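Labels below follow one simple rule: chain letters A, B, ... track the order of the sequence lines, proteins then strands, and each chain is numbered from 1. A quick note: this is a predicted structure, and the numbers were derived from the prediction, not measured.
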There are 2 protein chains.
Amino acid sequence: MNNSTTIQDVAKEAGVAASTASDALNGKSHVSEETRLKVVQAAEKLDYRPHPGAKHLSSGVAQNLGLFVSATRKHVFSSTGFFNKLIKGIHEAVEGTDYSLSLQMSETESGAADKLRSLAGSRSLGGLIITHPTRNSELLDILESSDLPFIVLGRPERDALYVDNDNVEVGKVATEHLIEHGHEKIAFLSGPSRFTYVEDRLNGYRRALESNGLNFDEDLIWNSELVESAAYKTVKKKAQKKEFGGIFVAGDVQAVGAIHALKDLGKEVPNDVGLVSVCNSQLTMHFHPSITAVDLHEYWLGNWAADRLIQEIEGEGKGRPKVVVPGDLIVRESCGCRPEERD
Amino acid sequence: MNNSTTIQDVAKEAGVAASTASDALNGKSHVSEETRLKVVQAAEKLDYRPHPGAKHLSSGVAQNLGLFVSATRKHVFSSTGFFNKLIKGIHEAVEGTDYSLSLQMSETESGAADKLRSLAGSRSLGGLIITHPTRNSELLDILESSDLPFIVLGRPERDALYVDNDNVEVGKVATEHLIEHGHEKIAFLSGPSRFTYVEDRLNGYRRALESNGLNFDEDLIWNSELVESAAYKTVKKKAQKKEFGGIFVAGDVQAVGAIHALKDLGKEVPNDVGLVSVCNSQLTMHFHPSITAVDLHEYWLGNWAADRLIQEIEGEGKGRPKVVVPGDLIVRESCGCRPEERD
DNA sequence: CTGAAAGCGCTAACAA
DNA sequence: TTGTTAGCGCTTTCAG
């Protein structure tokens with residue numbers, strides 16, 4: 001059980017030198033096909049698995065990817081499902097490679113920078129996936145001035161490797177669905193402008209209105225922090241001043257606050273107001289009414305990010321393409337499409 | 001930024017040999033206090049951080065803990081919050097140590113054993129926290145026959161290091177609360193018997209009834225898988241055959257199914273039936289009605305488990321105490337205590 | 001109590 | 001294309 005076959009054993013079995021065995025197993029191009037085959041077979045026969053520590057020490061790269069959760073994104077992870085799906089996606093990309101996935105979090109905003117600095121200097125990570133640190137560029141500054149390969153989850157404002165949804169599309173899809181329901185006055189409850197996706201979704205919202213010949217009304221654009229209570233307060237305040245038939249809410253937790261606020265204002269969702277939100281989470285599924293939302297495909301976000309990061313680490317950087325994950329609409333009750341279902 | 005001070009540098013700075021510096025930093029007892037101090041100061045001055053790979057290679061133990069999520073516990077993690085709180089607790093225990101935390105999952109039941117075997121032989125883990133693998137002892141067999149230190153989250157049926165709630169207490173607290181509401185006929189919607197906590201909570205339920213002079217009625221003990229749809233079906237079927245005023249539900253996701261089933265049977269929670277569940281999750285918070293539940297203190301489960309595991313790895317095993325995390329009742333609407341609140 | 005030397009398993013640089 | 005040699009940075013003998 002205690003696998004301790006070394007590359008020496010493999011080399012001996014294959015009748016080659018250790019370094020050759022190493023090169024063969026690591027896909028170096030100068031090894032003959034014949035030799036590679038011998039080595040690979042020997043390795044399989046002996047159930048060889050490279051010692052991660054030794055590999056790390058001699059090659060200088062740790063067989064370990066980090067997922068960094070910055071404090072500013074904390075709410076997302078306390079929310080329902082996003083985190084799990086993301087991790088699942090990352091995990092399945094990592095599975096089968098020699099890498100493992102480790103979690104790195106920081107509770108406080110100021111702690112995030114320190115943590116990142118520490119991580120960059122700790123040599124314990126081969127690469128890092130970082131949940132997008134909003135417009136605060138300090139975190140990315142730190143990463144860029146280190147030699148730790150990284151990929152951003154979410155669109156950063158600078159030139160860096162990242163994976164994100166097409167959030168313009170997200171905004172467009174959500175808004176168009178509301179338009180299809182016949183709503184002409186559609187509010188947008190958005191998040192703090194430090195998130196780049198807020199801007200994108202607003203653009204999508206705007207574009208949907210325009211291409212349907214509807215007016216864009218500044219007074220229907222509301223912002224709140226991404227927690228239920230903030231959304232509740234904002235909607236309670238704004239909604240009584242304006243007429244509207246639909247509302248596009250930027251996040252699932254906010255949607256809950258919005259629905260409660262509307263209810264307290266005497267407006268029922270979906271009968272009086274149609275609502276579409278973002279993130280196909282447990283919360284949107286189980287809330288009453290269940291919430292129609294644009295799926296963020298967190299699994300793929302994570303999966304692609306990890307894949308791309310490993311390419312980067314292994315020097316297969318394909319000209320830094322910005323991969324984009326599209327969003328789909330999950331239709332439930334809150335938009336007014338259909339009654340509650342039960343299994 | 002690229003921290004590459006080695007222990008040699010530290011030794012030089014402190015005016016001692018590398019091996020002495022190593023011993024000093026690792027708390028070996030034979031180093032004089034004076035020397036240790038010099039070394040520690042030198043290390044701090046130079047911002048020394050041991051190279052994880054080197055440490056791993058030479059000492060044989062990886063600076064990396066694994067959290068293993070077995071397929072049979074998957075539902076728990078797709079549920080709301082348990083996972084996050086657990087990880088947070090583990091993470092904070094690991095923070096400040098030289099260990100990192102990596103996630104290990106398996107999607108399929110059969111895959112779990114393979115994965116674990118592979119993990120045990122991979123030398124990539126210094127220790128493992130495993131979410132309790134129910135009565136299926138195969139997984140623990142694998143671990144025990146390996147030399148990988150591990151701790152179980154949840155009570156296993158064998159003698160092994162573990163951390164768990166006192167689930168008898170959990171059952172007792174929940175049931176007693178229902179009794180305080182004046183209910184005399186209390187159903188228990190439980191989970192599959194392969195989970196040891198099911199048995200424990202049943203015992204707690206029973207004990208609460210007994211100590212209050214209430215009858216135990218076998219027909220009020222129901223079981224379903226830990227998913228919403230299964231709970232729905234079970235309650236729908238069982239609840240129409242029996243009279244009862246309260247129900248204790250073993251899991252938050254089941255509670256949702258139960259409430260829907262009761263509703264479809266014309267019974268409103270909490271007006272017609274008082275309900276108490278387990279796990280202080282987002283779901284219990286946000287569901288309507290919000291669900292009174294026994295807190296499982298997942299944070300502490302994780303935190304203690306990691307702490308204890310590290311002790312084990314470092315050979316400070318304190319006679320294998322079974323640590324137990326107590327549960328508290330979080331009172332919300334479903335039990336009938338109080339009306340909905342809003343911030 | 002401290003130091004010198006060897007070696008963990010791997011890969012990198014060089015020779016052949 | 002392959003093999004030889006020398007470390008990577010740490011801990012671990014084993015002398016002193």
Side-chain angles (χ1 to χ4, degrees), chain A residues 2-40 42-43 46-64 98-99 121-124 126 313-315, chain B residues 2-40 42-43 46-64 98-99 121-124 126 313-315:
Chain A
N2 189 358
N3 182 340
S4 47
T5 39
T6 72
I7 196 149
Q8 300 281 359
D9 302 329
V10 175
K12 201 168 295 172
E13 175 77 25
V16 299
S19 61
T20 305
S22 170
D23 288 347
L25 259 12
N26 288 312
K28 304 279 193 218
S29 55
H30 63 77
V31 187
S32 76
E33 208 37 60
E34 191 191 344
T35 307
R36 184 192 314 285
L37 200 67
K38 276 193 302 187
V39 172
V40 167
L46 301 180
D47 187 27
Y48 168 70
R49 319 252 217 95
H51 188 296
K55 208 164 178 180
H56 183 182
L57 180 57
S58 69
S59 73
V61 353
Q63 302 307 104
N64 184 17
D98 280 343
Y99 294 89
S122 78
R123 297 168 291 182
S124 64
I313 295 170
E314 318 227 306
Chain B
N2 188 358
N3 183 341
S4 48
T5 38
T6 74
I7 196 152
Q8 299 282 359
D9 302 329
V10 175
K12 202 168 293 172
E13 175 78 25
V16 298
S19 59
T20 305
S22 172
D23 289 347
L25 258 12
N26 288 313
K28 305 278 194 220
S29 54
H30 63 79
V31 186
S32 77
E33 207 37 61
E34 192 189 341
T35 307
R36 183 190 316 284
L37 201 67
K38 274 194 302 189
V39 173
V40 167
L46 301 180
D47 186 27
Y48 169 70
R49 318 249 220 98
H51 187 295
K55 207 165 179 177
H56 183 184
L57 180 57
S58 68
S59 73
V61 353
Q63 304 305 108
N64 185 17
D98 280 343
Y99 294 90
S122 78
R123 298 168 292 182
S124 65
I313 295 169
E314 318 227 306

Close approaches to DNA chain C from residues 22-33 of chain A, in residue order (heavy atom, under 4.0 Å):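 Result for residues 22-33 of chain A: S22(A), N26(A), K28(A), sorted by number.
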
Shortest non-hydrogen separation from [X] to [Y] and the atoms involved:
X	Y	answer
I7(B)	Y48(B)	N-CE1, 3.5 Å
S124(B)	A62(B)	O-CB, 3.4 Å
I313(B)	Y99(B)	CG2-OH, 3.4 Å

Can you name the side-chain hydrogen bond (donor to acceptor under 3.5 Å, both in side chains) partners of Q63(B), sequence neighbours left out?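 Once residues adjacent in sequence are excluded, Q63(B) has no partner under the side-chain hydrogen bond (donor to acceptor under 3.5 Å, both in side chains) criterion.
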
Of all residues at least two apart in sequence or in a different chain, which pass the side-chain hydrogen bond (donor to acceptor under 3.5 Å, both in side chains) check with S58(B)?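 side-chain hydrogen bond (donor to acceptor under 3.5 Å, both in side chains) check on S58(B) returns nothing, list empty.
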
Hey, which sits more toward the 5' end of DNA chain C by its nearest nucleotide, R36(B) or S58(B)?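 Per heavy-atom nearest nucleotide, the more 5' residue is R36(B).
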
5' priority, DNA chain C, between L57(B) and E34(B) [closest heavy atom]: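 Between the two, 5'-proximity favours E34(B).
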
Side-chain donor or acceptor of R49(B) paired with backbone N/O of R123(A) under 3.5 Å: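 No: the side chain of R49(B) does not pair with the backbone of R123(A).
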
Any chance you could measure [X], atom [atom1], to [Y], atom [atom2], to the nearest 0.5 Å?
X	Y	atom1	atom2	answer
H56(A)	L57(B)	NE2	CG	11.0 Å
L46(B)	S4(B)	CG	OG	11.0 Å
T6(B)	H51(B)	OG1	NE2	11.0 Å

Can you give the dot-bracket line for DNA chain D, where a pair is Watson-Crick or G-U wobble with both atom distances under 3.5 Å, crossing pairs use [ ], and | marks a partner on another strand? ||||||||||||||||

Please set out all donor-acceptor pairs under 3.5 angstrom arising from side-chain atoms of residues 15-22 of chain B, sequence neighbours excluded.
{"from": "S22(B)", "atom 1": "OG", "to": "N26(B)", "atom 2": "ND2", "distance (Å)": "3.4"}

Heavy atoms of chain B, cut-off under 4.0 Å: which first and last nucleotide of DNA chain D, 5' to 3', fall inside that, if you could look?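 In short, chain B contacts DNA chain D from dG9(D) to dT12(D).
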
I want to confirm an ordering. Mapping S59(A) and G15(A) to their closest nucleotides on DNA chain D, which one lands closer to the 5' end?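 It is G15(A) whose nearest nucleotide is closer to the 5' end.
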
Which pairs with one or both residues in residues 18-36 of chain A pass salt bridge (Lys or Arg N to Asp or Glu O under 4.0 Å), sequence neighbours excluded?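 Passing the test, one end in residues 18-36 of chain A: E33(A)-R36(A).
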
What is the first contacted nucleotide of DNA chain C and what is the last, in 5' to 3' order, if contact means an atom lying under 4.0 angstrom from a heavy atom of chain B?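 First and last nucleotides in contact are dC1(C) to dG9(C).
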
Can you name the salt bridge (Lys or Arg N to Asp or Glu O under 4.0 Å) partners of D98(B), sequence neighbours left out?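 Here the qualifying residues are K55(B).
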
Could you tell me if the side chain of D47(B) sits less than 4.5 Å from the side chain of T5(B), heavy atoms only?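 No, too far: nothing below the 4.5 Å cut-off.
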
